[in-house]
Amino acid sequence: MRWYAAQRAALAIIQLAVLSVLVFVLTALLPGDAADMRFTETLTPDQVARMREQLGLDQPALERFTHWFGNVLTGDLGTSLISGGPVLDIVKASVGATLVLTLATLAVVVPLAVALGIVMGTRENGRLDRTITSVTLALSAIPDFVIAVFLVALFSLKLGWLPATWVGGSLLASPALLILPVAVLLGRTVCLLSRQVRAGTINALNAEYVVQARRLGVPRRRLLLRHVLPNAAVPGVQELARTGDTLLGGVLVVEAIFAIPGFATALVDGVETRDVPVVQGLTLVLAVAALVINLGADLVCNRLVPRTELLR
Amino acid sequence: GSDGGSGGGAAAQPKAGGRLRAVYAGGGAKEVLDPHVQSLFVDIARHKAIYEKLVELGPDLKPMPRLAEKWEPDAQAATWRFTLRDATFHDGQKLTSEDVLYSLARIADPTVPERVAQSSLAALDLKRCKAIDQKTVELVLTAPNAEFPALLAGIGTQIVRDGFKDPTKPIGTGAFKYVSFEAGRSMVANRFDDYWDGAAKLEELQILSADAEARANALQGGQAEYANDMTATFARTAEAGKTVKIVAAKGSTTHAFVMKVDQAPFDNPDVRMAFKLLADRRRLVDVVLAGRGVVGNDLFGKGFQYYPADLSQRERNLDEAKALLKKAGLLNKEVEIFTADASAGFVESATLFAEQVNEAGVKLKVTTGSAQTYAKDLLTKGVIGNHRSGAMPIPQYITDRLLTKSPFNVTHWRQPAFDAAFASAQVMTDEAARTAKYGELQKTLRDQGGIIAWGHPDYLVAVSAKVQGVQAAPPNTLDQGRFDKVWLA
Amino acid sequence: MRALRARTPLAVSALLVLIPLLVALLGPLANFSPKPGLPYESAGLLGTDGLGRDVFSLLLEGGRTALGMALGAVVIAYLVGGMIGLVAASTRHRWVDEALIRPLDVLLPLPSLLVISVVAVGWRASPPAITLAVAMVNVPTVARLVRAAALDAASGPVVEALRMQRESWVGIHLGYVGRAVLGPVAADIGTRITLAVFLVASVNFLGLGLSPTAPDWAVSVSRNREGLLLQPWAVIAPALLLVSFTLGFNLLADRLVHRTRRLVEAKR
Amino acid sequence: MTPLVKVTGLAAVAGDAILVDRVDFEVWPGQVTALVGASGSGKTTSALALLGEYGRGVQLRGRVEVDGQVVVDDNGPVNGVKVRGRVVAYMPQHPGSALNPARRIGAGLNELAKLHHPGEDVVPEALRIAQLPDDKATLRRFPHQFSGGQRQRIALAQALTCRPRVLVLDEPSTGLDSITRLQLVGELRDLAEQGLGILLLSHDLDLVRALARHVVVLSAGCVVDAGGVEVLPAAPELVASLGTTTAADPLLEATDLSAALHARGRDPILQKVDLAVPPGGCIGIVGRSGSGKTTLARCLAGLHERHTGRITLAGQDLPVLRKRTLEQNRRVQYVWQEVRGSFDERRLVDEQVARTAVRLRGISATEAKAEAVATLARLGVSALVAARPPSQLSGGELQRAALARALLARPDVLVCDEITTALDERGTGLVVELLNELKAEGTALVWISHDLGLVAAVSDHVLVLDAGRVVEEGPPATVMNDPSTELTRRLVRAAKVGQDPEPPQPPPVLTSSADTRSDPQR
Ligand SMILES: Nc1ncnc2c1ncn2[C@@H]1O[C@H](COP(=O)(O)OP(=O)(O)OP(=O)(O)O)[C@@H](O)[C@H]1O
Ligand SMILES: Nc1ncnc2c1ncn2[C@@H]1O[C@H](COP(=O)(O)OP(=O)(O)OP(=O)(O)O)[C@@H](O)[C@H]1O
Ligand SMILES: [Mg+2]
Ligand SMILES: [Mg+2]
């Protein structure tokens, strides 16, 4: 176990280092730099040139990178080229909304998907199974921006029931702000997850050990909760960790449509304004999160079904 | 909804109190609190609530007194005396000459290149500027300029307190006192009771940032009462309902195609004229601006001070254009138009214009560049591209874009004779003579220059039905976004 | 068998996929371009869009990018990732396997969002660049999937038995390993194409991809959504075509997954 | 005394197929009743009827009474749920896979204890009978942390925790080496002595002979005979051959053969094994589970590449499989132990068998097919059966198909890895007959088996492997009758289950390392 943890940690560190280089190279490949972004027909080229100098953007890329990397090792994510504030502040400011959004989504998705998956799995090919399958399949086939556009048109603009944007509202004052964004993010994730849970349930139900437990007189309810569920959850958990990335893509669309000042928006903004330290910082945080989530998923799976191999 | 100002109703009795949430196009991390570093509308709106300038622009972009009660130039228009108004800062201090001098020096600080008014106020000879007394300040120019007051109304020229260092603790003379700010999201400010121009009606002002769709949704969903810079489509949708009013300032900005006059094929005046004759301005306005705009006449600033209104409207003339193109040998050749999604309507108008040009037998190919770097790229890249300019006095527009040394000379219009004529006009203290001279220069531009100004979109502000007192005014003018005059019914 | 018949009929799923596909393929050939009108009018079959263009003619033009980029991305992802996966699985040298798969592991936490937005911002409005970016984002997962599926098959006793019978390399890898990989891959392609369509469409929707005047379906949905209440067809029609394609593909993929599952069950 | 289980006129029908027809049997407390019969004769179907359980699409008729409760009557199963666990506990064929990998074994045992005997502390007793340590550490372990043999015991402990009146054991001895099998016999005998009724399903007649009081012989779903052990066919008299000490040069020879799991000899499985087989000779390889028999066979077949030492065929070096010439490939063939896994699910069995002749002997596909069908027919697998995909063949049929597949190469050396485990006596007889014929024609055999009697009958030289080393070798008669090592002695003695008139000695205490067999194939 300790060897495993060490291996995992070493791999993570290598991944993060390589990732930083990659992100730097990627952003360096973009045309223009942060100083150019300030060129909005109010600052003259001469002023822009002086700014570039002040921001240190006239230095060679390698030097900028090593400088940044050195700082990161001491825990300093640097300062934004655009706002001049610490990157950490930008990360902190943007992470909240996205976190709330994803947690709220997960809080709905996970129980819903598990429940649906188990219902479907225990009634394999029954009418209920087929109905739920069809509905979730259809839901997952609608791109999130299409869902969002129509939900907003219907529930906010036509009926006026729900707020269509986070602008001018506060989450504390009106939690209803969460409803539409979560509804948009829900569809695909629930479908993906519930299908995994369904497959896991069917597999577990057919497994020798469940059949045997039933033969030894374990009642049905207990069988489902204690014997089927943990095994059925494993593919679901793995899927959840895997969908993190796709979920983030959806989050961007949702953030854009509902004007949520979140992580994905900050990332794309950073790229658009060539704010390299911000992009670096956000990516780093994101990568750490992805690594932690994957590790967590592996550990959870290993907890649920100890035989799951840790290192593939 | 109704066009024009919404405050005209005689029955409307101003009411005090309440909170107004105004949404502007956001700039994310680019948004700043330093009044001298602004460049976005949302920054300008925010700073306008807190700070003031010596001079402001009227609806026709003519300078009008603000913190300066009045001004007087000397005979050469090289030394200007400004008399200050009896205004109070949010910290209770009175406005003095020292504040003005400090503000101008702060703007000019060469170690902070992002202070935007640096280039426009470069003509100021700071060492020789001085305070005559508490309320009078004398500003000396390195070269005479009859338009100097207008420069003090440009963006980034706000007056701050003497010794102002920390932009996160704003103190101005404006109608609202700063409370809080989060870049890319919102600013909150409260009424300043000692405002010299009569305290605002609103108790609290929130200025929020959001893109066009979110602005529309916020306004319709009742999460905002005021939405700046709305699209014509939104106006069309909103007009069907009753909850939202549209306040439209006619023809406030300028949409144009710009040709580089020193690059083939536009180094040939015939080709420039042919392209001008090819533009179907009416259709461009109808489609790209959804009819919400005024047809342009290849000149900036229709309706502004110094605009030559007597020039005839240029119309589409396919035959003449064809003849000119044939003469230039451009028929069946391909020309690229360089555009980007940098501003609403750019790609759309380029695409539409391409179709119109294609009808004359010249293939205009649309190339899309990066939106973020477009302003810079346009200076060097492409031979013809999109251009949009906000409202500003016409002489300033010429200074910025049409002189040999202009920093944003996108048409590469570099004519020593034109430069000289403009310089001579600028020192004329007689306004009528100046106007005549500017008129001549603009006629030259219209016929020979590289600008195809096809339309002047209306500037659309949408407000919820209960908002009163919103004036229809072009952006960058005094009455645009004046929340001290607005009240909630 | 009964369960299979009870599912959505094959014809329906196929039709759902085929309609958008045919529109995308044949639409541009139709060369149907009526005279443009004014923005958001109801003239013509489906009215006009925000630029006064006929929505129906736009639909005919817009499928090529909407589906082409996604399909292209999946094809490229499978060519590159599948090759890496197969080679990694079939190599007898552990270091080749490691050298091929470990770098992909490192790439896994790289947010696809970042890659795509960088590419989209850097090479704006270039369909090949975006296609390539979407493809690259998919390579690591495809490679791992193919490797895992092939490894399972290639290391099993069946391959040993075939070697004992001296079957040729081609016979073993295409005849057996390839067929064994086909099941998971076919199921995966179904969902992957849907995902790719989503990704491409989202990029275009967010204005990071194609030019805003492009007739692309996702761009149409994005650009015309502010006119949704004035002229709904400009949004609904392209959205319907997109959804029809992804829904059809989902149904087909589901069917495939079912078939492979039943095969596996039969094995037990 | 009344019987615990009374089955009368039990019938099971699936569609038009009759799986079980008018079966009667009884199970008495303290006694073992055995259901015997060939594979597919309906043993499992009949036994599951005691729980009211039936396969998908199967209908049960007749009458099953368990401990006074009617479980099946003429309307089909009724309230089988009541007897599950508490009255009848069933132990399936591969108990290893019947343990939930996600649960600690303690949790599983306590759950059953709480369900059936709340408030009573039945777990320690169950563990004791199953010969498992009753400490916290053991209970906190997960199933994968036990060896195959221990897992079998855990499954037994689970069944015992229910304190059933009747214990049903389905093929408990498949794949066990003789020592482990002997331990099982002892345990079951103890259980019966404590008053439990045991229903034993098996085709291992020796095991039945050793345990059963009542025997019911099934054939194609019908009871063909019933009574005491005397109804069983007599144990075939297999005479150990004396060993042919032919002077002929060895055809296949391995010297100093070592093999490891990992590169550079880490984790060795085989160490310094020497063997030689002359043409027409047969070398038998025996040893406990996990001793390295399969690995040795795979080295000879060229499939296990991580080995050192020298293997020669007719004096010439024999490289690993992928470097062998066509001729070398043809001359040495291997028959898999895990036979199901070695067939491609998607092609028909006869086609797969025929491919050998096409690829290795270059004959046409039609000729090869004809030859495949003929060979399979000789082994008792009809052409009709062989023309199906592998999933539709029974384990025994597939085992014979695998043999045919190797035989179609007309090999000079045939390596057989436990190829009769799924066969009944008739099937085994057919296989042995054919192989003896080939031997007479000069084919050399390497014969791996747990069935010492069979080894003795087939081979003329025996190797005994233990932990990868040869611990004893010699002619079978010598090795079997006069073993020189303790291991061989135990193997031989344990193999005599059900053949000796004397009851065997109490089983030796199992140490956790004694059974290193990996998880049985699921
Ligand atoms: N659900 C089912 N539907 C149809 N036929 C079945 C079903 N279950 C079992 N059979 C058939 O019933 C027969 C008896 O099966 P059963 O499992 O009872 O045999 P068995 O004697 O236990 O054999 P083995 O020794 O291989 O375990 C077999 O021919 C089998 O193919
Ligand atoms: N792939 C593997 N991974 C780990 N251990 C292995 C592997 N293959 C074989 N072993 C180990 O090598 C040893 C020898 O295995 P082998 O299969 O040769 O045994 P065997 O004598 O054939 O046993 P059986 O009678 O059960 O077939 C065993 O301890 C087994 O656990
Ligand atoms: Mg059975
Ligand atoms: Mg073995």
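Per chain, numbering begins at 1; letters A, B, ... match sequence-line order.
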Which bit of B:A218 is near chain A, if near means a heavy-atom gap under 4.5 Å: side chain, backbone, both or neither? both
Listed by residue number, which members of residues 87-94 of chain A have a heavy atom under 4.5 Å from any heavy atom of chain B? A:A93, A:S94
Under the 3.5 angstrom rule, does the side chain of A:Q54 hit a backbone N or O of B:P113 as a donor-acceptor pair? no
Any residue meeting salt bridge (Lys or Arg N to Asp or Glu O under 4.0 Å) with B:E204, in chain and number order, not counting sequence neighbours: none
Side chain from CB out, backbone as N, CA, C, O: work out which of these in B:S406 comes under 4.5 Å of a heavy atom of chain A, or both, or neither. neither
What closest approach, in Å, do A:R274 and B:T373 show between heavy atoms, and which atom pair accounts for it? NH2-CG2, 4.0 Å
With side-chain contact (heavy atoms from CB on, under 4.5 Å) as the test, would you mind laying out the steps for A:L177 and B:Q223 before giving the verdict? CA-CA 11 Å; A:L177 285 177; B:Q223 286 155 272; 3.8 Å; yes
Chain B contact via A:V278 - side chain, backbone, both or neither, heavy atoms under 4.5 Å: neither
Show your working on side-chain hydrogen bond (donor to acceptor under 3.5 Å, both in side chains) between A:Q47 and B:Q118 and close with a plain yes or no. CA-CA 9 Å; A:Q47 282 172 295; B:Q118 242 165 41; 3.2 Å; yes
Scored by heavy-atom pairs under 4.5 Å with chain A, the best of B:R215, B:R115, B:E31 is B:R115
Counting only N and O atoms by type, is there a donor-acceptor contact under 3.5 Å from the side chain of A:R50 to the main-chain atoms of B:P110? yes
At a 4.5 Å cut-off on heavy atoms, which part of B:V23 comes close to chain A: side chain, backbone, both, or neither? side chain
